[in-house]
Amino acid sequence: MTENVGVDLGGWLRANQVSPGDLAGIVVEPDGSVAVAVPGGALATTPGQLLPADREIRPRWAVWSQETARALVAGGVRLTTCWDVAAVHRLLSGGWRADPAFAWACLHGVPADQIPSPASGQPDLFSFADEQQAPALGAAEALQAAELQRAALAAGNDRGIAVATARSESTVELLAAELAADGLPMNRAAIEGLLADIVGLRPRGPGDAAEIRAARDERVLRHAPSGVIADLRSNGQVRTLLAAAGIDVPDTRAWRLEEFKDKSPLVAALLEWRKAERIATTYGYAWLDEALGPDDRLRGAWTGCDGAAGRMTASSGLHNMPAVLRRAVIAEPGHLFVRADLGQIEPRVLAAVSGDAALAAAATADDMYLPVAAQLSVDRPTAKVAMIAAMYGQTTGHGGNAARRMRSAYPIAMGYLDDADRSAQAGQDLRTYGGRLIRMSGGAGAAEAESAGARTGRGRYGRNAVIQGAAAELFKMWAVTVRARAAPLGARIVLCLHDELLVHVPEDRAAQAAELVGDCLAETARRWAPGGPVRFIADITTVRCWADAKG
DNA sequence: GATTTCACGTA
DNA sequence: CGTACGTGAAATCC
């Protein structure tokens with residue numbers, strides 16, 4: 001590779017005829033320098049050179065994985081778009097494993113157990129020597145794009161949406177790296193006040209902590225039959241305790257205890273105890289010390305997709321923080337949140353991916369369960385349950401009037417779900433609308449002596465995955481669109497929650513940002529479901545505190 | 001000490 | 001009214 005650290009990267013890209021959207025491979029070396037490669041050659045440069053080149057030329061930077069973005073973001077470099085080989089590999093091949101050697105081997109049809117080690121130096125596989133990685137990136141993208149289109153065609157999907165999805169799934173990895181670096185604004189006084197109310201003040205030491213715990217336990221145990229004591233953290237002992245109070249249950253899950261709550265003060269106290277104990281153990285002071293930075297930002301690791309249907313994941317409780325704690329998620333001084341969530345996303349996605357014109361017509365309503373209910377001649381709650389049961393696979397009350405009418409009113413949509421269910425039951429892989437492979441083979445698959453339960457379980461999974469997965473693809477395309485358009489306003493996405501975006505924005509730009517978030521959804525919907533047959537809607541509010549947005 | 005099970009929070 | 005995820009503590013396995 002040419003050593004040309006001093007050369008102007010933008011000029012070099014121009015000289016190599018790189019236009020906006022053209023690929024340029026980049027690898028961050030262990031020493032922090034950056035290797036850039038385009039079809040015409042390669043260049044050693046610095047992270048600082050990437051930013052002006054990104055603004056000036058706007059290539060699509062090809063990277064191996066989110067690691068590159070994490071390294072660059074740490075140095076203040078945020079790229080506009082990318083092609084992430086690992087993200088696209090997960091889309092193409094399903095599952096989670098996506099290291100360069102594995103992705104490369106899959107593209108070349110090399111079986112997983114025959115992947116050469118980096119040291120073996122097979123000439124037909126790319127070398128893992130650092131200076132070879134950047135040139136290899138361009139080749140990987142070309143192979144992946146071709147493979148995506150082939151796979152989409154084979155699955156009867158639109159080829160254009162497959163490549164567009166690969167791009168947004170890639171750029172979401174940039175967003176994920178930024179979410180991890182930026183964190184979620186949280187007001188320290190507010191969260192400590194909430195915790196004090198729920199689990200008490202921060203313990204002064206181990207003895208104090210034990211006392212607080214014992215006091216919390218006592219508020220349950222004082223309702224126990226006299227003489228009976230139990231460790232509330234042991235489910236077996238809780239069951240015995242409940243039995244002593246005349247309550248016989250097979251397990252002690254909350255939903256099972258719900259019916260005894262009104263009659264038994266013991267059960268009521270236990271359920272309250274569980275809530276407090278959850279916050280004390282998982283979302284308590286240890287959590288704050290671990291995840292809340294000195295800058296009052298709550299940070300966790302983010303992935304652009306999980307290994308199943310492709311939703312984003314986050315650690316540090318960012319995706320499962322109890323709703324009461326949202327009260328402490330407060331915008332920084334001079335800032336506001338724009339909170340936006342997609343309304344009835346799953347039935348709308350079903351209408352779009354199945355191409356059911358009747359269901360698409362229902363989606364023109366703000367509340368699409370109203371026209372569906374009218375169509376089925378049932379009330380709204382019944383229509384909603386029937387729709388959700390069709391998408392997620394009911395286990396009880398198979399059939400029923402509403403379900404039968406749903407089949408005759410929306411045969412295309414129901415047929416789409418049934419196809420997914422049947423394929424999954426048979427152990428055949430599925431592809432989402434955007435082209436993500438949902439693996440059904442490989443595991444316990446089409447074994448001979450397989451239980452009926454295992455088959456119906458797979459059917460439910462497949463039925464759900466094509467909807468949940470496609471919804472995730474639409475959501476992420478929306479998110480990267482917002483990320484790009486909001487940046488000039490100084491607005492940043494600080495949380496992605498499956499169908500909800502939280503954007504942190506300077507106060508004087510909040511109204512603009514809120515309008516932009518809605519515009520981005522319209523733009524995304526046009527690109528995602530061309531012809532605009534299905535209406536997608538978002539509830540968008542501007543708030544200082546996350547809890548102030550209606551939930 | 002590592003893995004599995006239970007439980008529960010979010011969508 | 002099902003799926004998915006991350007988490008912590010107890011139970012269980014080795």
Side-chain angles (χ1 to χ4, degrees), chain A residues 96 184 198 213 230-239 249-258 270-284 286-287 290-291 300-326 329 339 341-347 349-350 381-398 400 402-403 417 420-421 424 430 432 436 438 456-472 475-476 495-502 546-547 551:
Chain A
W96 179 247
L184 178 68
I198 300 167
R213 266 174 30 147
D231 178 356
L232 299 176
R233 290 160 193 83
S234 162
N235 298 318
Q237 290 188 40
V238 168
R239 221 185 127 206
V249 281
D251 61 64
T252 70
R253 288 178 166 86
W255 64 267
R256 209 184 279 285
L257 297 179
E258 195 63 29
L270 176 65
L271 291 173
E272 280 306 304
W273 179 91
R274 284 250 176 92
K275 283 195 209 302
E277 181 73 1
R278 161 76 41 190
I279 287 177
T281 54
T282 307
Y283 303 100
W287 171 63
E290 176 77 27
W302 285 79
T303 71
C305 72
D306 59 30
R311 299 221 286 201
M312 298 178 79
T313 70
S315 64
S316 296
L318 285 160
H319 272 178
N320 43 5
M321 187 194 310
V324 291
L325 301 187
R326 292 182 182 187
V329 177
R339 172 203 175 270
D341 77 304
L342 299 174
Q344 301 174 339
I345 185 60
E346 284 166 332
V349 160
L350 172 60
T382 306
K384 182 176 177 179
V385 166
M387 178 70 73
I388 288 173
M391 286 188 293
Y392 304 156
Q394 72 267 54
T395 51
T396 54
H398 228 82
L417 294 168
D421 194 309
L430 298 166
T432 63
R436 180 175 300 278
I438 310 294
T456 56
R458 267 209 314 279
R460 265 204 306 277
Y461 174 70
R463 193 177 269 272
N464 180 264
V466 291
I467 300 301
Q468 191 186 99
F475 173 79
K476 284 188 265 185
L495 191 73
C496 292
L497 198 44
H498 306 313
D499 66 354
E500 177 174 353
L501 283 176
L502 204 59
W546 190 17

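Excluded from the calculations below are hydrogen atoms, water molecules and symmetry mates; all remaining heavy atoms, backbone and side chain alike, are included. Note on naming: letters A, B, ... go to the chains in the order of the sequence lines (proteins, then strands), and numbering restarts at 1 for each one.
Taking atom CZ of residue A/Arg274 and atom C1' of nucleotide C/dA9, one finds them 12 Å apart after rounding to whole Å. Between the CD atom of A/Glu277 and the C1' atom of C/dA9 there is a distance of 9 Å, given to the nearest Å. Computed from coordinates, the A/Ile438 CD1 to C/dT3 P distance equals 15 Å when rounded to whole Å. Distance A/Asn320 CG to C/dT3 C1': 15 Å, rounded to the nearest Å. Taking atom CD1 of A/Ile345 as the reference point, atom P of C/dG2 lies 22 Å away to the nearest angstrom. Look at CG on A/Asp499: it is 14 Å from C1' on C/dT3, rounded to the nearest Å. Atom CD1 of A/Ile467 is separated from atom P of C/dA4 by 15 Å (rounded to the nearest Å). As rounded to whole Å, 11 Å separates atom P of C/dA9 from atom CH2 of A/Trp273.
Residues forming a salt bridge (charged side-chain N to carboxylate O under 4.0 Å, His left out) with A/Glu272 (at least two apart in sequence, or on another chain): none. Residues passing the salt bridge (charged side-chain N to carboxylate O under 4.0 Å, His left out) test with A/Glu500, sequence neighbours excluded: A/Arg339. Checked against side-chain hydrogen bond (donor to acceptor under 3.5 Å, both in side chains), A/Asp251 has the following partners two or more places apart in sequence or in another chain: A/Arg253, A/Arg256. Scored by the side-chain contact (heavy atoms from CB on, under 4.5 Å) test, A/Val466 finds A/Tyr416, A/Ala420, A/Leu430 as partners (sequence neighbours excluded). Here A/His498 pairs with A/His319 under the ring pair (Phe, Tyr, Trp, His ring centres under 6.0 Å) rule; sequence neighbours left out. The ring pair (Phe, Tyr, Trp, His ring centres under 6.0 Å) check on A/Tyr461 picks up nothing, with sequence neighbours excluded. Under the ring pair (Phe, Tyr, Trp, His ring centres under 6.0 Å) criterion, A/Trp273 pairs with no residue, sequence neighbours left out. When the side-chain hydrogen bond (donor to acceptor under 3.5 Å, both in side chains) test is applied to A/Thr282, no partner is found at least two apart in sequence or on another chain. A/Arg311 is linked by a salt bridge (charged side-chain N to carboxylate O under 4.0 Å, His left out) to nothing, counting only residues two or more places apart in sequence or in another chain.
Nucleotides of DNA chain B with any atom under 4.0 Å from a heavy atom of chain A span, from 5' to 3', B/dC6 to B/dA11.
Contacts with DNA chain B (heavy atom under 4.0 Å) in residues 303-319 of chain A: A/Arg311, A/His319, listed by number.
Between A/Arg460 and C/dG2 there is no side-chain polar atom (N or O) within less than 4.0 angstrom of OP1 or OP2.
With no hydrogens or angles considered, no side-chain donor-acceptor pair links A/Arg233 and A/Thr281 at under 3.5 Å.
The two atoms that bring A/Ala402 and A/Ala386 nearest to each other are CB-CB, 3.8 Å, heavy atoms only.
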Got a list of protein N/O to nucleotides 11-14 of chain C N/O distances below 3.5 Å?
{"from": "C/dA11", "atom 1": "OP1", "to": "A/Ser234", "atom 2": "OG", "distance (Å)": "2.7"}

